[in-house]
Amino acid sequence: MPRMCWSAPKDASWMAMGNSLECRGPSDIYVLLKSSDKVSSDLINGRYLPKEQLGEIEHELVLRQWSNLVPSMEFRCFVKDKKLIAISQVDYEYYEFLENMRDEIETKLRLFFDDHVREKFPSDNYCYDAYVAQTVNRVYLIDFEPWTPSVDSCLFEWRELAKADSSDKSLGLRLFPKGVNAMGHFSGKYSRNRLPVEATDDQFRGSMAELIKSVAEQTRQQK
């Protein structure tokens, strides 16, 4: 699986055989990198660096071992002041079984953070992705991301993460809600990358967090 300094070409996976980032040769890597808007943006604009520092970095291509992960069990964790304040499902799809496992998943992720991340990662504020493997009852660390609005906040909004008290666990684990047609609203997380910019500019401005709040309010009113 290829990635550059900051991003993996997830938005170009539809170009690859099997719609995944698994590569079996240099040609597979080239197709993914060349087709990825995320990688192109990182190389041209930089992701987290001011423009004056862009010429000071040396870009790196990193090849990681491929693992066939179940999308429903990948979660993004948000750490503020060295405390895990929020956890979000990464895949924009409703899974009924996750509701039944909500407490178990959150407990596992918090224990993993306390035991393996909190005192070992040097930053106070950051995000990271973790995978909960049901078959072996383990949690795996996938990657780290900086605490910045340019990072996908998944089912949260950055303003609510920024306002959250690091001593408050009220944000908890957020799962994709029942009743939202993910394909109708988003057609997959990176589906807009398959179309010209002109065709998608006005279609992806809504906030996922606002949509979830709207669905919750409609559900409350129906009750």
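Keep in mind that what you see is a predicted model, and the values were worked out from it rather than measured. Below, all heavy atoms of this structure are taken into account, side chains as well, without hydrogens, waters or symmetry copies.
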Asks: Do V151 and F78 sit in the same hydrophobic cluster, where Ile, Leu, Val, Met, Phe, Trp and Tyr count as joined when their side-chain heavy atoms come under 4.5 Å apart?
Replies: yes
Asks: CG/L21 to CG/L32 distance, rounded to the nearest 0.5 angstrom?
Replies: 6.0 Å
Asks: What distance separates M15 CE from K34 NZ, expressed to the nearest 0.5 Å?
Replies: 8.0 Å
Asks: Using side-chain heavy atoms (C-beta onward) and a distance below 4.5 Å, is M101 in contact with V132?
Replies: no
Asks: Without hydrogens or angle criteria, can the side chains of N19 and S13 be said to hold a donor-acceptor pair below 3.5 Å?
Replies: no
Asks: Do L98 and F176 make a side-chain contact, defined as non-hydrogen atoms from C-beta onward lying under 4.5 Å apart?
Replies: no
Asks: Quick one, I29 and L63 - any side-chain contact, counting heavy atoms below 4.5 Å?
Replies: yes
Asks: Is any side-chain heavy atom of V117 less than 4.5 Å from a side-chain heavy atom of Y126?
Replies: yes
Asks: Decide salt bridge (charged side-chain N to carboxylate O under 4.0 Å, His left out) for E99 and R102; before the verdict, give the C-alpha distance in whole Å, the side-chain angles of both, and the deciding distance to 0.1 Å.
Replies: CA-CA 5 Å; E99 292 288 355; R102 177 187 289 271; 3.4 Å; yes
Asks: Out of the candidates F121, Y128, W158, only one should pair with W147 under the ring pair (Phe, Tyr, Trp, His ring centres under 6.0 Å) rule; please name it.
Replies: W158
Asks: Please check if the side chain of D129 supplies one atom and the backbone of I142 the other of a donor-acceptor pair under 3.5 Å.
Replies: no
Asks: Does a salt bridge link R3 with D143, judged by any charged N lying under 4.0 Å from a carboxylate O?
Replies: yes
Asks: Honestly curious: do L111 and Y131 fall in one hydrophobic cluster under the side-chain, below-4.5 Å linking rule?
Replies: no
Asks: Would F97 and I87 show up in the same hydrophobic cluster when neighbours are defined by side-chain heavy atoms closer than 4.5 Å?
Replies: yes
